[in-house]
Amino acid sequence: MLHEKELRIALVCFGGVSLAIYIHGITKELLKLARASSALHDIEDREARAGAGFFDSQDESDPEYDSEAIYFELLRDLGPDLELRVIVDIVAGTSAGGINGTMLARALSHDLRIGRLRDLWLDNADVSELLASDARAQTWSKWFLRPLFRAAGARGNMLIRDDEIRDKLSLFMRSRWFKPPLDGPRMARLMYDAVLAMEPRGENSSLLPSGQALDLFVTLTDFFGIQHPMHIHDPPLIHERDHRHVLQFRYQRRADGSQDSDFDLGNAPALAFAARATSSIPGIFPPSQLMEIDQLATDLADPWPRRSTFITENFHHYQSTGIDIASVPFIDGGVVNNRPFREAIGAIRGRSSYRQVDRRVVYIDPNPAIVSVPRRHDVPSFFSTLKGALSEIPLAEPITDNLGQINQLNAQARRLSAVAESARPQISGLVKDLIDNDGVRINALRIRRWRERANVRAARKAGFAFDAYIRLKLASVHDFLARLILDIRGVRPDTPFGRAVVEIINVWALEAGVTYEPADINLLRSETPRPGIATPKWVPFLLAFDIGYRRRRLHFLIEGQNRLYRNLNATEFKGLDARMIDRLKRSLYEQVDALEARAAAIVSDPPSRTLVDIIFHETFSSEALRNLRSHATAAVADHREHIDRLVAHLAAAIDLDVTTDNIDHLLADLKDWPMRGRQEVLTDYLGFPFWDVLTFPILPWQDTGEFNEIKVDRISARDARGINQLGNFSPKGAALNKFAAFLSRSYRENDYLLGRLHALDRLIDIVCDAAGTGAVTPARVRRLKVQGFLRIIANEEPHLPTCSRLIKELRTALAEGKLA
């Protein structure tokens, strides 16, 4: 029986200063793994796929390709029992990791060639290239420092004995002091060139499957920070300054093949700004400003058609306070957020699954700390204390909290899985009693009637639990309505204005009767309407605004198809094939897209904005915040008619009924499905009310979609077990406080090559682990790694003239069979 599975990677790239070239080598391998997986799954005929090779469709002499063939072979030969697809769908990076994360996300989104990035890094990531022209030392600048460098080399300092490092360190140290010596506009141009250097491999191609999205998060540090008003008890209004800022870019490949992308050339200046700003090392580069990119785009005569959209999506809080966004100075993202796990984990939560998922957070740590606990501590010196407090300790903040958050998510996933599996037999029995499809033709009207009866049965069977369930649903819908209004107004929910909007909606709901009373439960449990008894007002309110329920139901149906994939070869499912499931899943994803599109369109809907501006036009004084309930009551009294009109307009615009009707018709149209397969789909659809009653109270309101456990893997020089058996090879850019590779091309070449080799070593291990025990024998893993190392070395050798000794040592060790 063929088992289909996805290995989904959320990549977190730490900062690394000059180890950026090492990180580039690692991200290049991740791209190649995704490229190989995509090429394999582009072959629809599984029999043809079993004998295929990566170079069947690519020119083997093209220098763009090498290790893809190894990953292709590994993934291909996991069959015939396992079909594993690798997808990188989340990237979060800061500083050097932010640069590489940006370039990787663009390449993944549009399936781009990135060979030219190697030369950009090797040729330009050098102090002699990046020094500002007006800061560069002249022959007699600070001449008194020259003898110091010569003396250090003579005394045996291994770094300074290197002629290139000594000369460039001398140049750097004798250049301008008390102002950043490196050239900000030059760095911006280098980032711009990097974005433009990536060439498409095919028209409208992508390494993301249809129906999937990729999110990129790049951290910045706002030097001055932005003030956020906060509502507390006393005083009711305070202001907090926040220096953290995150840029977000998104690629969406819809089920119908269309694309929405922040990574195309129309947004190249934004991507260049993200890469430049996240890596503005304090004291080394000047702060980055948006006006710098504006000027660069003007100089290059390169239009930026999406500038206003980029600003609105990433700086709307600045816009609402009247700040000139173009002038805001940003410095290195690693100053306050050097390890952006939070962003990656946040993107995982609520993500829909596609087939069975092995979810990994893979983080790149270019220079992991050496674990050592001295038995006795000496008191640090004055300067050591300052250095540690200002830079080293903040940048070395542990990831314990982030890993603890992942453990909590995993515990939640296990609870959900246990609840769903234990309840499935009972829910299947309830649904079976509900429908009478033995020979009766299924149509949309009949499915609708079954669905309505299922809702009543769920209320009846849930007992006292249904009371809490309805109250939670109403609270979540009130929250959704308030957030929708805040999105229309462009205001953050954690502001005093946001708090006031929530309170106004709660007061309106009470006065409009959109609240639950325990006596209402008896009405819901009756399968026949009672004459003369009106339906409670909260029922149509939920039907109009409970978008969360529709999301959860769609994702539950999609997850149900994932279970069907695993049963394709079972006798009871004879006649059901993967293409039938694929078509249904595509249609379900189209419904997800349509639902989200209707909700998103409301934010820019003129009638909605007009009504919101009328109702929520005022600011909130400290006095109003002290008596928020009274203020909200007065606001509802003044604007009750307008609020009623706004709610009615929003309900019509979202039109949740159309989603439900579409699913009814979609499932009624499964005419070519065998009876057993159709029963499974209907069980998921009609049984969802029972499942939701069980699970919704233990879920955060915003969480829908993927509930898989998350595993965490690290890629670093310490973890590459295969390479470490071949000799003592480590990144050289870690020297001089991770600055050394800016001073030496040979160091950059060394680190780039090792980045690729370490990544291949680790990625093969991660793929094999995702495939499961016994999928690949240890001997085969060794062979694939050896072949992969040799392919990379052969392809890169002409471009790395200073690495001849390293390459010779690697080849000798591989020939001697040192890889155990």
| Would Asp262 and Arg106 satisfy side chain to side chain contact (heavy atoms under 4.5 Å, CB included), going step by step from the backbone distance to the final call? | CA-CA 9 Å; Asp262 291 331; Arg106 171 161 152 73; over 6 Å; no
| said: What verdict does the side chain to side chain contact (heavy atoms under 4.5 Å, CB included) test give for Val592 and Ile558, after you've listed the backbone C-alpha separation in whole Å, the side-chain angles of each residue and the deciding distance to 0.1 Å? | reply: CA-CA 10 Å; Val592 173; Ile558 290 170; 4.2 Å; yes
| Does the salt bridge (charged side-chain N to carboxylate O under 4.0 Å, His left out) test come out yes or no for Arg471 and Asp467, once each step is laid out? | CA-CA 6 Å; Arg471 292 182 188 277; Asp467 186 276; 2.9 Å; yes
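A salt bridge links Asp479 to Arg483: at least one charged side-chain nitrogen sits closer than 4.0 Å to a carboxylate oxygen. Arg586 has no carboxylate O lying under 4.0 Å from a charged side-chain N of Glu590, or vice versa, which leaves the two without a salt bridge. We find that Asp692 and Arg553 are not joined by a salt bridge, their nearest charged nitrogen and carboxylate oxygen being 4.0 Å or further apart. With salt bridges taken as basic N to acidic carboxylate O contacts below 4.0 Å, one links Arg8 and Asp89.
Here the side chain of Ser288 pairs no donor or acceptor atom with the backbone of Phe330 at under 3.5 angstrom. With Ser206 contributing its side chain and Ser109 its backbone, the two residues share a donor-acceptor pair below 3.5 Å. No side-chain donor-acceptor contact under 3.5 Å links Thr278 to the backbone of Ala274.
Side chain to side chain, Ser95 and Asp332 meet the donor-acceptor criterion of an N or O pair below 3.5 Å. Between the side chains of Asn627 and Ser630, no donor N or O sits under 3.5 Å from an acceptor N or O.
Phe696 and Tyr549 have their aromatic ring centers separated by at least 6.0 angstrom. Close placement of the Phe541 and His478 rings is indicated, their centers lying within 6.0 Å of each other. Ring centroid separation for the pair Tyr251 and Phe263 does not come in under the 6.0 Å cut-off.
Among the candidates Gln289, Arg189, Glu292, the single residue satisfying the side chain to side chain contact (heavy atoms under 4.5 Å, CB included) test with Arg276 is Glu292. Here the options are Ile90, Val12, Leu247, the test is side chain to side chain contact (heavy atoms under 4.5 Å, CB included), and the partner is Phe217; only Ile90 passes. Of the options Asp264, Asp215, Asp260, a salt bridge (Lys or Arg N to Asp or Glu O under 4.0 Å) to Arg250 is made by Asp215 and by none of the others.
Relative ring orientation between His639 and His642 is described as tilted, the plane-to-plane angle lying within the 30° to 60° band.
Contact check for Phe556 versus Tyr685: no side-chain heavy atoms found under the 4.5 Å cut-off. In this structure, the side chains of Phe545 and Leu650 come closer than 4.5 Å at one or more pairs of heavy atoms. You'll find the side chain of Val336 stays beyond 4.5 Å of the side chain of Thr219, heavy atoms only. Side-chain atoms of Thr633 and Arg629, non-hydrogen and from C-beta on, do get closer than 4.5 Å to each other.
The side-chain hydrogen bond (donor to acceptor under 3.5 Å, both in side chains) test applied to Asp644 returns Trp508, Arg640, not counting sequence neighbours.
The number of heavy atoms from other shown groups lying within 6.0 Å of CZ (Phe223) does not exceed 12.
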